[in-house]
Structure formats: structure tokens, C-alpha cells
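Read through the structure below, which is laid out as C-alpha cells, and then see the notes.
Computed from a predicted structure; not experimentally measured. Just so it is clear: chains get the letters A, B, ... in the order the sequence lines come, proteins before strands, and each one is counted from 1.
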Amino acid sequence: MNNAWLKYGLNFILIVLIQGLVINNIEIDEFLNPMLYPMLILMLPFELSVVATLIISFIIGISVDGFSNTFGLHASASMLIGYMRPTILKYIKPRDGYDTTLLPSIHDMGPAWFLGYSTLFLFIHHLWFFSFEILRFDLILLILAKTFFSLIFSLLLIILFQFIFYKASKK
Amino acid sequence: MRKLFKFLKKFRDFLLFFVLQIFVLGLFFNAKNYHRARLFNTSSELIGWFVEKKHNITKHFSLSEENKKLAEENARLKNMMPESFYQLQGDLYYVNDKLNKQQYENISAEVINETSTNRDNYFTINKGALGGIKKRMGVISKDGIVGFVVDVSDHLSLVKTILSENVNIPVKLKKNDEHWLLKWDGFSDEIAQVNGVNRDIDIAIGDTIITRGGTGMFPVGIPVGVVEELISVDGKQTWDVNIRLSVNFSAVNYVYVINNLFQQEQTELENRINNNE
């Protein structure tokens with residue numbers, strides 16, 4: 001257990017640095033603002049309490065905020081998915097519950113499950129983020145476009161990282 | 001009382017979520033609307049350290065281009081030196097000039113981190129409080145206005161660029177001094193806006209827009225851009241004007257921070273008037 005959290009801590013440092021120093025500096029277009037760090041929240045163990053998830057999401061978000069000069073916006077969006085995650089996981093629970101030795105990764109849960117799961121949370125996260133960033137109702141189409149295009153890029157990045165840094169938990 | 005505790009326990013999760021949300025959104029709106037950047041940003045010591053390390057690697061990519069720009073600016077400044085002028089009247093030098101007193105001094109700094117595609121865009125520069133930089137100082141590049149300082153640490157500062165919401169820099173038309181506030185609508189990093197321009201004003205495409213001074217943040221006459229487009233809005237008797245900015249925000253590597261030596265005097269004087277009223 002401790003070993004897993006140590007690994008998670010190293011992952012946290014690595015991913016926040018990659019997000020802050022590399023991905024934030026990819027400025028291809030104003031529609032593309034890919035985010036890798038929500039993966040840290042998606043990859044938390046299955047049966048983690050709401051309070052723990054919230055606090056971890058807050059720390060992750062505020063660290064990314066520091067690197068991107070967004071003053072709490074990333075923290076706000078990641079706390080939203082952190083707050084919703086335990087509830088939504090409860091709704092999509094398999095009949096005999098989650099196997100606690102597994103992680104919600106693409107290797108452990110299968111591509112279809114992981115794709116649906118991460119698309120749902122990334123959509124909530126990005127929509128919240130861009131709505132507050134732009135904060136104008138007459139620009140709803142711009143918000144949706146930014147959400148959509150960034151979501152595709154974030155998803156690609158997350159899947160890429162799954163294959164580089166994670167293995168299946170057991171075989 | 002017990003009922004209250006039961007209620008609180010039941011809604012503990014939601015309360016924690018709610019309180020943390022209020023906290024972070026409070027930080028966000030404070031920075032956005034009142035330019036009060038607190039807590040974590042790229043000018044803080046820890047994050048700044050990482051950002052500086054990154055910059056030490058990436059700065060070499062644009063070195064030759066940057067050398068060319070600096071050489072051009074050096075040439076322009078050298079043309080203003082006394083040696084470049086042929087003296088018509090012998091040695092007429094005034095060392096202690098009683099007519100002109102320096103009001104603005106420029107502190108040069110290097111941009112170590114920047115964004116230009118977000119709604120609010122910030123630069124991090126490598127000079128801070130120890131380099132004489134304070135909050136709310138203006139920042140320019142060799143081409144024109146860039147933004148103003150919102151946060152400083154010992155060695156770094158954070159600059160809010162004019163590519164942000166609610167910056168409201170006073171600008172004016174060079175040829176007839178009509179003045180407005182500069183805004184940015186968040187779309188292109190080359191175009192900024194001025195709203196509510198009266199239609200009876202003599203304004204045409206290609207006119208130069210410069211800073212107005214007044215707040216003491218910038219001297220009068222720093223270039224802002226040229227008028228690109230006059231847009232008529234339905235039902236309004238005014239133009240909305242698009243301005244093509246003179247600074248290319250995706251290629252700013254060196255900036256000057258403006259220290260207004262009279263700023264304190266101006267602030268004190270203006271506060272005195274406000275207090276009397």
C-alpha cells in the first residue's frame with residue numbers, strides 16, 4: 001500500500017512538471033489547451049473516500065495552477081471531478097464490485113471502459129474550466145469548441161502516457 | 001444540536017467541496033478582476049526555480065533571432081548618441097540639466113515564461129524586488145506596450161499582459177489626442193480593441209494609437225498599435241475599433257520595466273485630493 005502511494009507521489013511530481021513546463025508551452029492554437037494532469041485523479045484507487053479524493057484533487061490542481069498562472073481555476077475544475085468521481089464510480093460499478101487490486105487504467109479495465117470513463121470526466125473537467133475561463137454566455141460555442149478540441153488532445157495524451165508509464169496490475 | 005451534527009456529518013463532503021471551491025474561485029476572480037495575484041504563480045520562489053531551469057534550456061532556440069533584434073535596437077539607440085551628431089555650435093553641453101529631470105527609468109529583463117493563447121496571459125520575467133521592480137510598474141518591449149507587473153518575488157516577477165480581460169490601459173490617438181481604454185476580447189493575440197468611439201471623430205484605418213500616460217504606469221507616447229478596422233455596432237452611435245498591436249506577443253524575449261520616479265509623488269498628491277473631498 002505504502003509502495004503504491006510512493007509511486008503515486010513520484011507520478012504526481014513528474015506529471016505536474018510535464019504539464020507545467022512542457023504541455024503548457026505547446027501553443028498550437030487557441031482552441032487547443034491539452035491537459036494531462038486529470039489522469040492523476042482518474043488513476044486514484046477505486047474505493048477512495050470523497051474527502052481524500054477532494055484533498056488530493058485540490059493539491060494537484062493548485063500545483064498546476066502555479067505553473068500556468070490560472071490562480072485556482074485548475075484546482076476548481078479538478079475538485080469538481082474529484083468530488084463527482086466516487087459517486088459516478090458507484091453508479092457504474094460492476095455487479096460484483098470493483099477488484100481492489102486493480103487500478104482504473106487502460107490495462108486493468110480494458111480500452112472501452114477506460115475510454116468511456118476518461119471521456120466523461122475530461123468533458124466535465126474541460127467544460128467547467130473553459131466556462132470559467134471565458135465566462136460569457138454569448139460565447140457558448142467557443143467554450144464548447146475549446147472543450148471539444150482540447151478533450152481530444154488530452155485523451156490522446158492520457159492514453160499515450162498509460163502505455164508509457166503503467167503496466168497491468170496483475171496477470 | 002445533535003441534529004445539526006448529524007446534518008453536518010451527512011453534508012461534510014459537500015461542505016468541504018463548497019468551501020474549497022469558494023476559496024479557489026475567490027483567488028481566481030481576485031486575480032482576474034482586481035489584478036491581485038496571490039499565492040501560487042510562476043513568480044514564486046519554488047515554481048520560479050523550475051521555470052527558470054526550463055528557460056535555461058529553451059532560450060537557446062531563439063538566440064540568433066534575438067541577437068539580430070538587439071543589434072537593430074543598438075543601432076537605433078547609437079544613432080541618438082551625441083557622437084552621431086555633427087556639432088554645429090562647438091561644445092554646448094549641459095551636464096547638470098535644470099530643465100529636464102529624468103522621470104522614467106527602464107529596467108531591462110528577460111522573459112522566462114509566457115503564454116499567449118489563454119484568456120488572461122502572463123509573462124514571468126527574471127528580475128524581482130531585488131532588481132528594483134514593484135507591483136503595478138508598466139512593462140514595454142522595444143516595439144511597444146506589453147503589460148504591467150502584478151506580483152513580485154525576490155528574483156522574479158509576474159507580468160499581466162494587455163492580452164487579458166479587464167486591463168483597461170488608457171490609450172489615445174496620436175494625431176488628435178482622443179482617448180479611450182484598451183481592451184482585449186480574447187481571440188487573436190495580434191488584435192486588441194477600443195470600444196465606444198464617437199463617429200464624429202476623425203479616425204481612419206492606419207492611424208497610430210499610443211499610450212496616454214496619466215496613471216503614471218507608462219510614459220506618454222509608447223506605441224500600442226495601428227487602427228486595423230472600424231466596426232459599426234447595430235443600434236449604437238459609436239464605432240468599435242480593432243487595433244493591430246505593434247508587439248508580436250509570441251516572440252517577446254526581452255522587456256523593459258518602467259520605473260516612474262515620480263509615482264509616489266503622484267499617488268500622494270492624488271490621495272490628498274481624494275481625502276479632502
Side-chain angles (χ1 to χ4, degrees), chain A residues 13 16-22 24-34 49-55 57-59 61-84 86-87 128-136 138-139 142-143 146 150, chain B residues 12-33 36-44 46-48 50-55 57-58 113-124 150-151 158-161 163-165 185-189 249-250:
Chain A
I13 296 171
V16 167
L17 286 183
I18 290 175
Q19 174 76 47
L21 301 178
V22 183
N24 279 355
N25 287 301
I26 308 175
E27 300 197 317
I28 313 165
D29 195 283
E30 60 168 308
F31 289 114
L32 293 182
N33 190 353
S49 73
V50 183
V51 173
T53 321
L54 256 182
I55 291 169
S57 318
F58 174 72
I59 295 169
I62 209 89
S63 322
V64 175
D65 275 322
F67 281 97
S68 9
N69 294 322
T70 37
F71 310 101
L73 197 52
H74 282 292
S76 171
S78 44
M79 280 192 320
L80 181 73
I81 58 169
Y83 180 66
M84 293 170 83
T87 321
W128 181 269
F129 182 88
F130 291 119
S131 304
F132 273 93
E133 191 191 24
I134 295 168
L135 212 67
R136 271 175 60 180
D138 53 335
L139 295 179
L142 177 73
I143 294 173
K146 273 190 142 178
S150 302
Chain B
R12 182 191 59 182
D13 297 345
F14 179 74
L15 272 176
L16 181 68
F17 172 70
F18 191 73
V19 168
L20 285 176
Q21 281 289 357
I22 296 278
F23 173 66
V24 291
L25 289 176
L27 287 179
F28 171 67
F29 285 113
N30 244 322
K32 192 176 183 65
N33 298 335
R36 282 197 290 259
R38 287 205 206 96
L39 224 69
F40 281 126
N41 58 55
T42 46
S43 74
S44 67
L46 175 70
I47 295 170
F50 284 110
V51 170
E52 221 166 1
K53 286 281 169 283
K54 179 217 77 183
H55 174 69
I57 300 168
T58 54
N113 190 46
E114 86 282 323
T115 59
S116 60
T117 53
N118 296 343
R119 184 64 186 91
D120 293 335
N121 293 292
Y122 293 87
F123 282 178
T124 314
V150 289
D151 199 9
L158 188 70
V159 177
K160 192 170 204 170
T161 65
L163 301 183
S164 300
E165 211 173 357
D185 63 2
F187 289 103
S188 164
D189 62 354
F249 274 88
S250 50

Straight-line distance of B:Q21 CD to A:W128 CH2, nearest 0.5 Å = 5.0 Å

Given that the side chain runs from C-beta out, which part of A:N69 has a heavy atom under 4.5 Å from chain B: side chain, backbone, both or neither?
-> both

Interchain contact, B:T124 with chain A, by part (heavy-atom threshold 4.5 Å) | side chain

For the atom pair CZ (B:F17) and CE (A:M84), what is the distance rounded to the nearest 0.5 Å?
-> 8.5 Å

Mind checking the CG-CG spacing from A:L54 to B:D13? Nearest 0.5 Å is all I need.
-> 7.0 Å

Checking heavy atoms, do the side chain of A:L142, its backbone, both or neither come under 4.5 Å from chain B?
-> side chain

Using non-hydrogen atoms and a 4.5 Å limit, figure out which bit of B:N121 sits close to chain A: side chain, backbone, both or neither.
-> neither

Given that the side chain runs from C-beta out, which part of A:F132 has a heavy atom under 4.5 Å from chain B: side chain, backbone, both or neither?
-> both

Closest heavy-atom contact between A:E133 and B:K32?
-> O-NZ, 3.5 Å

Report yes if the side chains of B:F50 and A:L17 come closer than 4.5 Å at any heavy-atom pair, otherwise no.
-> yes

One should read off an interatomic distance between A:T70 OG1 and B:N41 CG, to the nearest 0.5 angstrom, of 10.0 Å

Tell me, for A:F58 versus chain B, whether the close heavy atoms (under 4.5 Å) come from the side chain, the backbone, both or neither.
-> side chain

Of B:L27, B:V24, B:I22, the residue whose pairing with A:S76 passes side-chain contact (heavy atoms from CB on, under 4.5 Å) = B:V24

Given that the side chain runs from C-beta out, which part of B:F187 has a heavy atom under 4.5 Å from chain A: side chain, backbone, both or neither?
-> both

Between CG on residue B:L20 and CD1 on residue A:I62, distance to nearest 0.5 Å = 9.0 Å

Output for pair (B:N118 CG, A:I134 CD1), nearest 0.5 Å, gives 10.0 Å

In terms of heavy-atom proximity below 4.5 Å to chain A, should B:K53 be classed as side chain, backbone, both, or neither?
-> neither

Please flag which part of B:L158 lies under 4.5 Å from any non-hydrogen atom of chain A: side chain, backbone, both or neither.
-> side chain

Any side-chain heavy-atom pair from A:V51 and B:L16 closer than 4.5 angstrom?
-> yes

Got A:N25 and B:N113 here, is their nearest side-chain heavy-atom distance under 4.5 Å?
-> yes

Is there a side-chain contact between B:R119 and A:L135 (heavy atoms, below 4.5 Å)?
-> no

